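Remarks on the structure that follows.
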Number of protein chains: 4
Amino acid sequence: MSAATTARQRRKDARPQELLDAALELFVEKGFAATRSEEVAVRAGVSKGTLYLYYPSKEELLKAVIQQALAAKIAEGRAMAQGLQGSPGDKLLTVLPHWWGEVYRSPASGVFKLVITEMCNFPELAQFYAREVIEPGSALVAEQLEAGMACGEFRRHDVRSTVYSIVMPLIMLCLHKHSLGACGMVEPMLADPDPFIRHHVALVLDGLRHRPDATGAPHTSPTPI
Amino acid sequence: MSAATTARQRRKDARPQELLDAALELFVEKGFAATRSEEVAVRAGVSKGTLYLYYPSKEELLKAVIQQALAAKIAEGRAMAQGLQGSPGDKLLTVLPHWWGEVYRSPASGVFKLVITEMCNFPELAQFYAREVIEPGSALVAEQLEAGMACGEFRRHDVRSTVYSIVMPLIMLCLHKHSLGACGMVEPMLADPDPFIRHHVALVLDGLRHRPDATGAPHTSPTPI
Amino acid sequence: MSAATTARQRRKDARPQELLDAALELFVEKGFAATRSEEVAVRAGVSKGTLYLYYPSKEELLKAVIQQALAAKIAEGRAMAQGLQGSPGDKLLTVLPHWWGEVYRSPASGVFKLVITEMCNFPELAQFYAREVIEPGSALVAEQLEAGMACGEFRRHDVRSTVYSIVMPLIMLCLHKHSLGACGMVEPMLADPDPFIRHHVALVLDGLRHRPDATGAPHTSPTPI
Amino acid sequence: MSAATTARQRRKDARPQELLDAALELFVEKGFAATRSEEVAVRAGVSKGTLYLYYPSKEELLKAVIQQALAAKIAEGRAMAQGLQGSPGDKLLTVLPHWWGEVYRSPASGVFKLVITEMCNFPELAQFYAREVIEPGSALVAEQLEAGMACGEFRRHDVRSTVYSIVMPLIMLCLHKHSLGACGMVEPMLADPDPFIRHHVALVLDGLRHRPDATGAPHTSPTPI
DNA sequence: TATGAATGAGAGTTCATTCAT
DNA sequence: GATGAATGAACTCTCATTCAT
C-alpha cells in the first residue's frame, strides 16, 4: 500500500506545481484574461475540474503563480549576494549579470510582464510585488552603491536613480523576451542576453567612477530645456 | 441649418479620435481582453452601436489605437532631433529628456504597456511596432552615438547595447506609470520623472566618455563568472 | 417614430412580467435550484442573455417573482375585506372563500410552495413573507373573530389558534395543487376546491358558535393524554 | 477478531440509516437539488465514495429517505388507533394529537416539505405517497368520522372534506417547522405545537356535533357570493 | 446616423459519479 | 469495504456583435 499510495500521492503532490507552471506560461503568453482556465488544465495534463481542486478560482491561481515564481528567485538572489569578495563594483558586476541571466532564462522571467499587466486589476498584487520584489531588490543594489561611495570607488551620486538606471533595462529584457521576443522577432543581440547585461552594468558603473573633472553630479547639460 | 449640420459634423468628425482616446485609456488600464467594448463607447460618450460604425471590431479598434497614439510622437521626435546644435552628447542630453517627458505625460505613454501585453496575441502588431517605433527610435539615438565616437566625444563601444541601456529605462518609466503608478503606489522619485530621466541619460553618457585607461570596452570584470 | 418606438417599447415593457410569469411557473413546478435560467428565458420567448438584461441574477429573479406574485393578491384581499356588511361570521364566510378561490386559480397559488421551499435558503425572503403576507393575512381574519366574540356571535376562544385552523387548509390546498395535483393525481374533490373551502370555513365557524353547554373552550378531552 | 469484526459490522449495518438520516436533514433544509451528495456523506461521517456503495444515485437516496421516514410513523399510527376505547370523537381527540406530536418532533416531520417539493420531479414518488400515506391516513380519520355519524355523536356531513379540515393544519404545522420555523422566525404559539393541535382538532369536532338547528350541512352563508 | 434591445457562443465554476488504490 | 482524486457534463452569467427602429 505504500507503493500504491505513493504513486497517487506523487501525482497529487506534483499537481500544484504543474498547474502553476502551465498557468505561468499561458498567462504570460496570452494574458490573464485571455487565458481560459481549461487551457491551463489541459496544458498541465488534467481536466478542467481538477484545476479547481487545487485553486479555488482563476484569480487565486494567478496570485499563486506570481508569488511562487518570484519567491524562489528572490531567495536565490539574496543568497548569491552574500559571501562575495571584492569591491562593491566588482560584486555588482559579478552577481547581477549572473543572477539575472538565470532569471531571464527561467520561466520566472515572464512574471514581470504578468505583474505589469495585472497589477491594476488586482491591487493586492501590487503590494506584494512592491514589498517582496522591488524593495529587497532595490536594497541589494543600493547597498553596494552606498558601499562604493563610502570606499571611494564611486563618486557621490543619487543612489535611487542609479538603481533604476541599472535595474530597469534588466527588467525590460525580460519583458522583451515575452513580447517581441515571443513573436519570433528576436533581435539577435537579445537572443543571448548575457553580453548585453554585462555591457550595461559595466557601462553604468563606469559612469559612476571618479574622474578628474568629477563634479559629483553626472555630466548634465547646463540648460536641460 | 448650416450651423446645426456643422455642429453635428464636428461631433462626427471628432468621434474616431474620442473613441481612440477612450479605448487607449481603458485598454491600458484594464487590458484589452478585460475591457468591454461598451465601456469604451460610454467613456467616449456614445452608445455601443456607434462604436461599431467607426471600427468593425474590438480588435481593429486596438490596432487603430496603437497606430495613432504612436504616430504623432514618433514624428515629433524626428522633428525635434533635427536642427539642433552642439556635440552629439549635448544633443542627446537635450532632446531625449525633453521629448520623453512629453511622451511620459501624454496618454501615449500607455501604449508601451499595451504593446507589450498584446503583441503576442496580435502578431501584425509586432511588425508595426518594430518597424515604426523601435527602428526609427533606435536609429535616432544610434546616430548620435556614432557621431560622438567619430568626433572623439565617446570612446569606442557597442552602440546597439548602449542604445538599449539608454532607452530601456525610459520605456520602463512609462510602464511603471501605468502599473505600480496607477495603483496609487507612486514612488516619489517617479512622480516627477524628469530629473530621473536627465540623471539617467547623463550617467550613461558619462560612462561613454574617454578616460585615461579606456580600452574601448566598458570596465568589465575580468572573470564574469 | 412614435409607432416604431412603441412596438419595441411595448415588447420591452412587457418583458419583465413575461419573465416573471415564466419563472413563477417553472420555479413552482421544478423548484428554484432545478430550474435552469435558460428555461425561464425560453418559456418567456427570449434568449438566455435577455433574461439578464432584466434581472441581474437568478436569485434576484426569484425574489422579484415572489414579491410581485403576492403583492397583487394581498392588495385585492385587503380591498375585498372592506365595505362589507353582515355579521363577522358572514363576512368571513363570504370574503374568504371568494378571495381564496381567486388565489387558488391564479398562478400566484404556486408561491406558497416556492416560499416554503426556498425560505431556508434565502432568509430575507422569510422576513418579507412574514411581514407582507402572514401578518396582514392573519390580522384580517383575527379582526373578524375578535368582532364576533365582541358581539356574541362566537364564544370566547383562542383567536390565534383559530386563525391557523381556518387558514392553514387554504394554504395546503394551494400546495396540493402544485404537488400531487400537478402530478396528474388530482383528487376529484380538490379539482374544484370552492365547495371544500366553503365547507371548511363554515365547519370551523360552526365550532365557534355558542351552544348550551359551551364552556368557552372547545370540547377538549378531559385527559388529553 | 470476532469483536473487531463485530464492531466494524455494527458500523456497516448502521451506515444506511446514518446516511438516510443525514440526507433527510439536508434535503429538507436545503432542498434536494441544492444539496450536494458529498455534504450528505460528510454529515453521515463517511466519504463521498462510500455513499455510492449504499445508494446508486442521489435520486435513489431521495426515494429511500422518503420511504423509510414515513414507513415507521404510519405503522405507529395504525397501531395506536387500534385498541382504544371511547366514542369516535374521543378517540380522535386522544390519538391524533398524541401521534402527531410525535411526528412533529421527529425528523420525519420534514418529509412533508420534501414530498411537496419533489413530487413533481419524481412522479413515482407521488404514487408512493398517495398510496402509503394519504390513503391510510385519511382512512383512519374517516373511519372515526363515519362511526361518529353512525352513533349520532356527529351530525351528517361530508366526511372527505372534514378529513382535510382536520388533517391539513397538522401537515402545515410540519411544513412551518421546516420553513419559517427553521429561519429562526418561530412564532411562539407554534414553538410548542401540542396545544394548538388539540385546540384545532377539538374545534373542528365541535363543529360536527349535533345542535338544535343542525341541517346536516355546516352553517353556510345563504348567498355564498 | 445613432441607438440599445437582443442574441448566443463561450467563459468560469460546480458537482454527481467513477475507479484506482 | 472505503477512500478521495479525477472527470466532464451542465449550469450561471458575460459580452462582442447585430440589426430593427
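Just so it is clear: chains get the letters A, B, ... in the order the sequence lines come, proteins before strands, and each one is counted from 1. If you're wondering where the values come from, they're calculated on a predicted model, not measured in any experiment. Side chains are part of it too, since the values below use all heavy atoms of this structure and drop only hydrogens, waters and symmetry mates.
Distance C/Lys58 NZ to E/dG12 P: 21 Å, rounded to the nearest Å. Rounded to an integer number of Å, the gap from CZ of D/Phe32 to P of E/dC15 is 13 Å. Distance, C/Leu62 CG to F/dT12 P: 13 Å, rounded to whole Å. For A/Tyr55 and E/dG12, the OH to C1' distance is 18 Å, given to the nearest whole Å. Rounded to whole Å, atom P of E/dT3 lies 11 Å from atom CG of B/Leu51. Atoms OH (C/Tyr52) and P (E/dA5) sit 18 Å apart, rounded to a whole Å. One atom, CG of D/Leu53, and another, P of E/dC19, lie 13 Å apart when rounded to the nearest Å.
Nucleic acid contact for A/Thr50: base, since at least one base atom lies under 4.0 Å from a heavy atom of the residue.
Comparing B/Gly49 and D/Arg36 against DNA chain E, the residue whose closest nucleotide sits nearer the 5' end is B/Gly49. Both D/Val46 and C/Glu38 lie near DNA chain F, and the one whose nearest nucleotide falls closer to the 5' end is D/Val46. Nearest-nucleotide positions on DNA chain F for C/Ala33 and D/Gly45 put D/Gly45 closer to the 5' end.
One cannot find a donor-acceptor pair under 3.5 Å joining the base of E/dT7 and the side-chain atoms of C/Lys48.
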